[in-house]
**Q** 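Quick one: the structure is below, and I'll ask about it shortly.
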Protein chains: 2
Amino acid sequence: MSIRNPKQALYEQFAIVAKALGHPLRLEMIEHLAQGSRSVEALAAKLGQPVGNISQHLQALRRAGIVSAERDGKFVHYSLSDASVLSAFAAVRGVAQRQLAEVDRIVRGYFDARDDMRPVTRDELQALMRDGLVTLIDVRPADEFALGHVPGAINVPLGEIKAWSGSAVASREVVAYCRGPWCVMSFEAVAALRSLGHSARRLEDGMPEWKAAGLPVEMTDRWR
Amino acid sequence: MSIRNPKQALYEQFAIVAKALGHPLRLEMIEHLAQGSRSVEALAAKLGQPVGNISQHLQALRRAGIVSAERDGKFVHYSLSDASVLSAFAAVRGVAQRQLAEVDRIVRGYFDARDDMRPVTRDELQALMRDGLVTLIDVRPADEFALGHVPGAINVPLGEIKAWSGSAVASREVVAYCRGPWCVMSFEAVAALRSLGHSARRLEDGMPEWKAAGLPVEMTDRWR
DNA sequence: TCATCATTCAATTATTCTGTTGAGTGACGA
DNA sequence: TCGTCACTCAACAGAATAATTGAATGATGA
């Protein structure tokens with residue numbers, strides 16, 4: 001092994017963190033863990049991956065200090081170590097969004113840009129909710145909703161959008177949110193609602209950002 | 001190639017950016033480019049690396065949208081694409097700093113923590129400079145100083161610290177800064193000055209952060 | 001104590017990344 | 001026009017990373 005000066009040693013440490021963020025699956029894992037703690041098995045099920053593979057990637061994230069493990073009987077629950085992980089993820093997303101044309105292309109290809117896709121900001125949402133002007137729906141699966149959601153939000157998982165929209169007042173605007181600013185579920189929810197004749201917009205980002213902003217969170221369960 | 005849904009495609013784009021940050025040499029390149037534009041050759045010389053290797057890494061950074069190239073005659077000058085790159089780097093450093101014990105160990109091993117290593121903030125420095133209470137030295141090489149420095153700073157490259165300290169007033173506190181919050185040169189400068197009987201502290205971060213904060217910058221040259 | 005379950009570890013193969021070398025390109029000046 | 005210079009590209013060997021498999025480990029409960 002070559003002799004390393006402290007400068008190189010520091011860069012190596014920083015690179016460990018960045019390298020751990022440098023895999024699509026690990027980023028997806030981080031986005032899920034940002035919703036709340038998960039066991040290895042639960043995370044594997046969410047991502048449709050073999051448990052062994054997820055365990056491997058969790059070790060990589062743990063070595064980089066990105067996630068922490070906590071044993072609870074037979075289960076090991078993983079969670080993000082620190083809110084700084086979310087800002088690092090957000091910063092990486094920011095670079096990609098500004099500099100990689102491909103990101104723009106994907107979003108536009110997925111959600112027709114000619115529609116008004118201007119998202120609702122958190123401040124706007126709070127005002128609209130206070131005045132009772134909108135219906136807020138959380139389109140994540142029920143288990144994630146249970147781990148924490150925006151007060152006043154109704155849980156309408158993506159598959160239930162159509163059924164729910166029948167019972168909703170069509171004239172009232174709907175705001176949808178999910179896991180984060182690029183989570184596709186809220187894009188899909190807005191597209192579905194619009195095709196069903198509703199007025200709908202996305203919240204600019206998701207639950208983890210809401211929580212990180214220090215806003216109130218309603219919770220049902222701790223695990224799972 | 002497997003069919004990718006938009007979610008996976010987005011994660012892949014984000015991973016491209018993070019992966020590009022995931023190599024010590026590329027991080028060092030980013031820190032140098034944050035001081036100002038550089039030709040491939042100049043950057044290679046700074047890092048003591050073969051030109052071919054640096055060119056390769058620059059391509060990787062360019063594919064990730066982190067740096068941009070601008071041809072100028074025979075030379076190609078590279079620079080950071082966007083200020084968001086610096087925040088991504090800072091966010092990654094933040095995670096490493098909070099979560100990796102090794103980072104703390106390196107800093108402590110390098111610079112005895114029993115000394116007062118509390119850094120000077122930018123605001124503090126501005127007040128101290130306004131009142132004429134401290135001498136501010138920029139310990140980067142002369143070429144980097146020329147590309148932009150804090151108004152009122154004196155350029156004292158690391159090798160010239162000892163000679164300079166003889167001519168400086170020993171009773172006056174010295175504040176040193178260099179390339180960024182973890183740039184070792186200012187640590188070394190402070191250590192050297194203290195061993196020579198001066199009172200010295202580091203600025204909490206370096207030139208790129210000063211500039212990013214919108215504070216005034218003095219400049220001599222554009223290139224090189 | 002044993003069987004079971006959740007997770008980790010070790011070993012394997014396929015893939016990707018690194019650094020190096022040398023050839024190729026584009027711009028400049030003699 | 002030719003040689004030189006700065007840089008890029010292609011190709012290669014060696015190293016690291018990824019996903020898979022099956023065997024260990026550690027906790028639980030019968």
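Values reported hereafter were calculated over all heavy atoms of this structure, with side chains retained and with hydrogens, waters and symmetry mates removed. In what follows, chains carry the letters A, B, and so on, assigned in the order in which the sequence lines appear, proteins first and then strands, with residues in each chain numbered from 1. Please read these numbers as outputs of a predicted model, since none were measured by experiment.
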**Q** Rounding to an integer number of Å, can you tell me how far B:Gln59 CD sits from D:dA11 P?
**A** 16 Å
**Q** Output yes when A:Glu28 and A:Lys46 qualify as a salt bridge under the 4.0 Å nitrogen-oxygen rule, no when they do not.
**A** no
**Q** Expressed in angstrom and rounded to an integer, what is the separation of B:Ile54 atom CD1 from D:dT8 atom C1'?
**A**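 Those two atoms, CD1 and C1', are 14 Å apart.
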**Q** Going by atom types alone, do B:His149 and B:Glu218 pair a side-chain donor with an acceptor below 3.5 Å?
**A** yes
**Q** Looking at C:dT7, C:dG19, C:dA27, which one has an atom nearest to any side-chain atom of B:Lys74?
**A**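 Closest nucleotide to the B:Lys74 side chain: C:dA27.
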**Q** Quick check on DNA chain D: between A:Lys19 and A:Pro50, whose nearest nucleotide comes earlier from the 5' end?
**A** A:Lys19
**Q** Separation of A:Asn53 atom CG from D:dG22 atom P, in whole Å?
**A**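 Whole-Å distance recorded here is 16 Å.
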**Q** Could you pick out which residue, A:Gly52 or B:Phe75, lies toward the 5' side of DNA chain D when each is mapped onto its nearest nucleotide?
**A**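 Mapping each residue to its closest nucleotide by heavy atoms, the 5'-most match is B:Phe75.
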**Q** Would you say B:His57 reaches C:dG19's phosphate, i.e. side-chain N/O to OP1/OP2 under 4.0 Å?
**A**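 Indeed, a polar side-chain atom of B:His57 lies that close.
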**Q** Using a distance-only criterion (donor-acceptor N/O pair, under 3.5 Å, no hydrogens), is the base of D:dT20 paired with the side chain of A:Gln56?
**A** yes
**Q** Using a distance-only test with no angle check, is there a side-chain donor-acceptor pair under 3.5 angstrom linking B:Arg140 and B:Gln35?
**A** yes
**Q** Examine D:dA6: is either OP1 or OP2 under 4.0 Å from a nitrogen or oxygen in the side chain of B:Arg71? Give yes or no.
**A**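 Answer is no, no contact under 4.0 Å.
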**Q** OP1, OP2 of D:dT8 versus side-chain N and O of B:Ser55: anything below 4.0 Å?
**A**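 The answer is yes; a side-chain N or O of B:Ser55 sits under 4.0 Å from OP1 or OP2.
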**Q** Using whole Å, what does the distance between atom P of nucleotide D:dA19 and atom CD of A:Glu28 come to?
**A** 12 Å
**Q** If the cut-off is 4.0 Å, is A:His23 near the phosphate of D:dA19, judged by side-chain N/O to OP1 or OP2?
**A** yes
**Q** Between A:Arg38 and A:Glu31, does at least one N-O distance fall below 4.0 Å, as a salt bridge requires?
**A** no
**Q** Is there a side-chain polar atom (N or O) of B:Tyr78 under 4.0 Å from OP1 or OP2 of D:dT8?
**A** yes
